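Written out below as structure tokens is the structure these notes cover.
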Amino acid sequence: MKLYNTLTHKVEEFVPMQQGKVGIYSCGPTVYSHPHIGNFRSFLVADLLKRFFEFKGFSVTHIMNITDVGHLVDDADEGADKLEETARKQKKDPLEIAKFYTESFMQASKLLNIKPSDKYPKATEHISEMIDMVKKLIDKGYAYVVGHNVYYDVMKFANYGQLSGNTLEDVNAGARIEINQEKKNPQDFALWKHDPKHLQQWDSPWGRGFPGWHIECSAMSSKYLGAEFDIHTGGEDNIFPHHECEIAQSEAASGKKFVHYWLHTRFLLFDGEKMSKSKGNLYTIPELIEKGVRKNAIRYALISSHYRQNYNFTFDGLKAAEQAIDKMQQCVLQLKDIQKSSKAGEICQQIKDLSSNCLAQFDEALSDDLNISKALAVCFDFIREVNKAEDMNLSEASALLETISKIDSVLGVLESTDEEVPENIIELAEKRKTAKLNKDWKTADAVRAEISAQGWLLEDTPGGGYRIKRGENT
RNA sequence: GGCGGCGUAGCCAAGCGGCCCAAGGCGAUGGUUUGCAAAACCAUUAUUCGUGGGUUCGAAUCCCACCGCCGCCUCCA
């Protein structure tokens, strides 16, 4: 398994800390608004990674934080917290806001078939762990107190800038922030902030206040995965300053290496443009579904291109994704038909080879830094071969279905095909069958149109049978 | 200004020194099949990889220059 490590700027062989196990920490949502498709690309990459590790037989511990405090709206560590701003606008308690949007996030995650993390720790529930870490950093001389504020002294951490490639001087040169006179260096960042206007406040050794933005991930990751762990994921925007600061905090506090592999997902574009509130292209999952987009097509689209590549999200792309999924789904339907109509028997060598080659190549593709395009190509080559195979018995069909199921345990795009076909649709289908036997084509076509109007698609199968599935005849 | 990425067919996208007259998906066209469809299958759809040089026996792949696009540099996945 090879992964691109942002820390070393190289594709590296993944070596787990413990044989057969992998710990993954993913930067989750900040719950002050509905998460949008951009957020979900990053979460889906984490999901794909995790599912693939499981496919390979790893035991995965996956932690995704919920940030319900601490992100400042404007520069210079001043001003309102985003959560607080929403809370003030909606005249609600910040925790109420957080709860509402956490629920929104969970629902959308479910729609996208994202496997739940082992734990979704919330920042507000880990204040004491953060305070402990800040204390430790002060004790070790990496942090200093000014009044009721605590800052991290970046000059003390030699590797600061290792992840992002930023040097302290460069950060300084490009800085858009106003110099905070309290800090020893402009690049120093807050570990604990004092602001009487803030709605969310906790007691600390430095007075009432709230934690800095970066400390939560350091504190929570070490609590649930240990001070040193395998993989940390996030969006590319997290590289600097968030993850850079996490490294500085965690490594200074523990004296250990923090994260072995850093994975960053590149931003999504929408119709070739950056997504932003002002452009109005920050679609949420429910919004897309309301527009008639199928949820598994959203998932497919978002995972179907490489995570280190900007993916241009378009409605045409979603259409293509739907078609691609239908192609897979159709193959499953045909195999299920064979299961129903044939008897068990020997599995011929050709089918065995087809399955094992497919799984091996699929594994190989994703093992190469999650080369999803290659992996999908393997799937479609496999499907073509399956569709070409003739005279299959039940055992062979089952074996091939098993293979598809293994693949979809990673992709997660196939829908259950077990939806009950309504009685009246079956009656219509039977009516058409009779009409066809009588060569009454007019009636047959009319009935098929009627079935289509009700949202079902009737397909004839060889030998006079039929198959009913969701969809419409065009 | 600093750091980083990208430019491959109508669209999406893999390939990163010879297996490439370049995978796969979507779309399109023709064919097989079908009462007609749908689905499936077959064939065609880039002799060429932003442009110009160079290295090499050999380059989409390495180097240089240029053009264009994008991201990050304390709000952001």
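Keep in mind the model is a prediction, meaning the values are calculated, not measured. Chain letters run A, B, ... following the sequence lines, proteins first and then strands; every chain starts at 1.
Aromatic ring pairs are classed by plane angle as parallel below 30°, tilted from 30° to 60° and perpendicular above 60°; the pair A/His242 and A/His214 is tilted.
You won't find any donor-acceptor pair under 3.5 Å spanning the side chain of A/Asp326 and the base of B/C26, going by distance alone. Contact annotation: side chain of A/Arg448 to base of B/A37, donor-acceptor pair present below 3.5 Å. Residue A/Asp445 places a side-chain atom within donor-acceptor reach of the base of B/G35, judged by atom type and a 3.5 Å distance cut-off alone. One N or O donor and one acceptor, one from the side chain of A/Arg432 and one from the base of B/G35, sit under 3.5 Å apart.
With A/Glu459 as the partner, the salt bridge (charged side-chain N to carboxylate O under 4.0 Å, His left out) test is satisfied by one option alone out of A/Arg467, A/Arg448, A/Arg470: A/Arg467. Tested against A/His62, the residues A/Asp118, A/Leu225, A/Ile231 include a single side-chain contact (heavy atoms from CB on, under 4.5 Å) partner, A/Asp118.
Nearest nucleotide to the side chain of A/Lys327, out of B/C26, B/C70, B/A39: B/C26.
Counting any heavy atom pair closer than 4.0 Å across all strands shown, A/Ser164 reaches sugar-phosphate atoms only and no base atom. A/Lys439 comes within 4.0 angstrom of nothing in the nucleic acid, heavy atoms only. Among the atoms of the strands shown, only primed sugar atoms or phosphate atoms (P, OP1, OP2) are found under 4.0 Å from some heavy atom of A/Arg384. Residue contacts shown for A/Gly234 are limited to sugar-phosphate atoms, with no base heavy atom under 4.0 Å away. Counting non-hydrogen atoms under 4.0 angstrom, A/Glu322 reaches nothing in the nucleic acid.
Distances shown here put a side-chain N or O of A/Asn39 below 4.0 Å from the OP1 or OP2 atom of B/A77.
Using the Watson-Crick or G-U wobble rule with both distances under 3.5 Å, B/C66 pairs with B/G50.
Aromatic stacking is not marked for A/Phe380 over B/G24, as the cut-offs of 5.5 Å for the centres and 30° for the planes do not both hold.
For the atom pair A/His232 NE2 and A/Trp262 CH2, the distance stands at 4.0 Å (nearest 0.5 Å).
Regarding A/Asp188, its CG atom lies at a distance of 15 Å from the P atom of B/U74, rounded to whole Å.
No hydrogens or angles considered: a donor-acceptor pair under 3.5 Å links the side chains of A/Glu430 and A/Tyr466.
Mapping A/Ala320 and A/Lys388 onto RNA chain B via the closest heavy atom, the residue that lands nearer the 5' end is A/Ala320.
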